[in-house]
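To start, the structure itself, in structure tokens.
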Amino acid sequence: MKKILFVTSECVPFVKTGGLADVVGALPKVLNEKGCDARVILPKYGAIPQRYKDEMRYIDHIYIKMNWRSQYCGIFELKMNGVTYYFIDNEFYFGGPTIYGPIHEDIERFAFFDKAVLAALQVIDFFPDVLHCNDWQSGMAPVLLRAHYGYDGRYNAMKSIMTIHNLKFQGVYDKKTIADVCELSMDYFTPDKLEFYRDASFLKGGIVYADYITTVSPTYAEEIKSDYFGERLNGLLNARSASLTGIVNGISYDDWDPATDKFIYHNYGIKDFIEGKKVNKRALQHDLHFDENPDKLLIGMVTRLTAQKGMDLVECVLDSILANPNIQMVFLGTGEQRYEDVLRFFEWKYSGRVSAQIKFDNALSHKVYAACDAFLMPSQFEPCGLSQMISMRYGTLPIVRETGGLKDTVEPYNEYEHTGTGYSFRNYNAHEMLGRIENAYLTFALHKDDWTAMQKRAMEKDFSWNASADKYIDLYNRL
Ligand code: ADP
């Protein structure tokens with residue numbers, strides 16, 4: 001039975017800002033069902049809902065040396081759904097209302113967290129076979145494992161994995177600060193180790209020191225070895241390509257199931273999705289003050305409003321998309337001010353056909369996935385992406401750019417062979433996207449049977465964690 005400890009900065013249902021939280025929230029549970037002993041460790045943030053804090057059990061506390069200070073580090077435990085979660089407590093670092101802050105604060109916060117994780121193993125008396133680190137916030141753990149604990153056989157026997165959920169975020173800061181807070185000598189800050197263009201990088205540390213590197217889709221694993229996607233780490237990733245693989249994420253079938261979803265207007269399954277989706281669509285159209293007409297193509301987006309998610313393409317051709325009076329669009333997202341403003345402007349301009357829901361609203365996101373006919377996701381890059389898989393599970397056909405996980409999970413429609421589960425375009429080009437949206441509209445309006453057959457194929461696809469969890473277990477065994 002393999003013992004795994006997931007080191008993470010966020011995890012559903014405690015705290016979430018993105019896909020990482022969904023992954024760490026779902027994967028350990030599935031691994032345990034398959035006979036592993038997978039546990040999770042994360043900071044005890046102020047933002048964790050009180051009901052979970054009330055259930056936590058205090059184990060013990062230790063002190064972590066941070067430069068010239070000695071910092072309290074409480075260790076708490078919570079068992080839920082067959083998974084043991086550990087929480088690192090320190091009010092000074094994690095007591096604030098948000099989980100991430102300015103980078104200069106995050107560097108010290110997560111240096112503390114990574115040190116605390118390694119020290120805590122002795123307190124919880126759990127020495128995993130694999131320390132499974134996620135994104136830059138835990139990137140220093142594989143480094144410190146080798147730098148500080150080389151003398152201890154229990155630590156020496158451990159392997160580490162660095163999983164990259166998004167290569168763009170790297171935890172880069174000046175060498176001196178990182179050396180201080182991590183208690184590392186300057187020998188570690190050479191170009192073959194932690195140095196990153198005269199600064200130093202947490203994520204690079206993880207990539208150099210981990211025994212294995214994974215990312216969240218096979219296509220993204222290839223892409224990040226190139227200049228365009230490599231975020232200046234492509235040289236290193238090429239050098240480590242023998243120890244780099246991509247395993248596509250799954251989605252939680254408990255949270256995302258149209259047959260049992262409590263947030264949607266009307267539950268449906270594979271047998272009655274045509275009727276079921278019709279009810280959901282009409283109800284959402286009603287709530288958004290749209291024309292309640294089943295013949296309008298309702299397109300949704302649920303996303304962070306950033307350049308990564310292709311918002312520039314959307315902005316560029318939104319007028320052309322809406323030149324077709326039979327298209328309605330609903331946007332649910334928050335992010336960069338400029339994109340929020342663009343969407344508000346279009347909501348005003350196309351009142352009754354465009355809705356800009358500028359907020360984070362989980363319940364509404366479920367309604368959008370269930371009610372829409374199509375889901376737009378034209379990302380510039382996409383390590384894996386969950387939204388397109390959720391859409392397909394709800395019979396909502398994705399229109400995506402062929403990059404990263406989008407390419408691995410959406411099979412493009414072929415009208416002659418009657419295959420495919422969505423629409424895709426190759427280049428990061430607004431008019432290619434527009435062309436694909438027009439194709440989707442034509443199938444929707446003129447070839448209803450093809451459209452519903454495609455919805456059925458999409459809903460039948462397996463996006464559960466089952467297959468991917470097997471791949472992780474296989475990797476743990478190989479290590
Ligand atoms: P990323 O992790 O890059 O943001 P993913 O597609 O992997 O993108 O995951 C995004 C997740 O966050 C999905 O579950 C999506 O439904 C959810 N989400 C994004 N924006 C919002 C929002 N404004 N309201 C509710 N859920 C959102």
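Since the structure is predicted, the reported quantities are computational estimates derived from the model, not experimental observations. Because only heavy atoms are used, hydrogens play no part in the values below, and waters and symmetry mates are left out as well, while side chains stay in. All ligand and atom numbering here is 1-based and tracks the order in the structure.
Per-residue contacts place Gly333 under 4.0 angstrom from the following atoms of ligand 1 (heavy atoms of the residue considered): 23 (N). The atoms of ligand 1 that sit less than 4.0 Å from any heavy atom of Ser365 are 25 (C), 26 (N). Heavy-atom proximity to Thr303, at under 4.0 Å, picks out these atoms of ligand 1: 20 (N). Atoms of ligand 1 found under 4.0 Å from any heavy atom of Gly18 (numbered from 1 in listed order, with element): 2 (O).
Between Tyr369 and ligand 1, a contact under 3.5 Å exists for at least one N or O pair. Looking at Asp361 next to ligand 1, an N or O pair under 3.5 Å apart turns up.
A salt bridge does not link Lys471 with Asp474: every distance from a Lys NZ or Arg NE/NH1/NH2 to an Asp or Glu carboxylate oxygen is 4.0 Å or more. Classification of Lys281 and Glu292 as a salt-bridged pair fails, no side-chain N sitting under 4.0 Å from a carboxylate O. Under 4.0 Å is where a charged nitrogen must lie from a carboxylate oxygen, and between Asp254 and Lys29 at least one such pair does. Ion pairing between a basic and an acidic side chain is recognised when a charged N comes within 4.0 Å of a carboxylate O; Glu55 and Arg51 show no such pairing.
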Sequence neighbours excluded and cut-off under 3.5 Å, please list the side-chain donor-acceptor pairs for residues 10-17, or say none.
from  : atom 1 : to     : atom 2 : distance (Å)
Glu10 : OE1    : Thr17  : N      : 2.6
Glu10 : OE1    : Thr17  : OG1    : 3.2
Glu10 : OE1    : Gly18  : N      : 3.1
Glu10 : OE2    : Thr17  : OG1    : 2.7
Glu10 : OE2    : Tyr100 : OH     : 2.6
Lys16 : NZ     : Asp22  : OD1    : 3.2
Lys16 : NZ     : Asp22  : OD2    : 2.9

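Ranking the protein heavy atoms by distance from atom 11 (C) of ligand 1 puts Lys16 NZ, 3.9 Å first. Looking only at protein heavy atoms, the nearest one to atom 23 (N) of ligand 1 is Lys359 O, 2.8 Å. The closest protein non-hydrogen atom to atom 21 (C) of ligand 1 is Phe360 CE1, 3.5 Å. In terms of protein heavy-atom proximity, atom 5 (P) of ligand 1 is closest to Leu386 N, 3.6 Å. The nearest heavy-atom contact from the protein to atom 13 (C) of ligand 1 is Ser387 OG, 3.8 Å. Atom 2 (O) of ligand 1 has Gly19 N, 2.6 Å as its closest protein atom, hydrogens excluded (heavy atom only). Of all protein heavy atoms, the one closest to atom 4 (O) of ligand 1 is Arg304 NE, 2.8 Å. The shortest contact between atom 8 (O) of ligand 1 and any protein heavy atom is with Lys309 NZ, 3.1 Å.
Contacts of Phe76 classified as ring pair (Phe, Tyr, Trp, His ring centres under 6.0 Å), with partners at least two apart in sequence or in another chain: Tyr58.
Ring centroid separation for the pair Phe94 and Tyr45 comes in under the 6.0 Å cut-off.
The side chain to side chain donor-acceptor pair (under 3.5 Å) test with Lys277 singles out one residue from Thr396, Asp373, Asp272, and that residue is Thr396.
Residues Ile251 and Trp465 share a closest heavy-atom pair of O-CD1, 3.7 Å.
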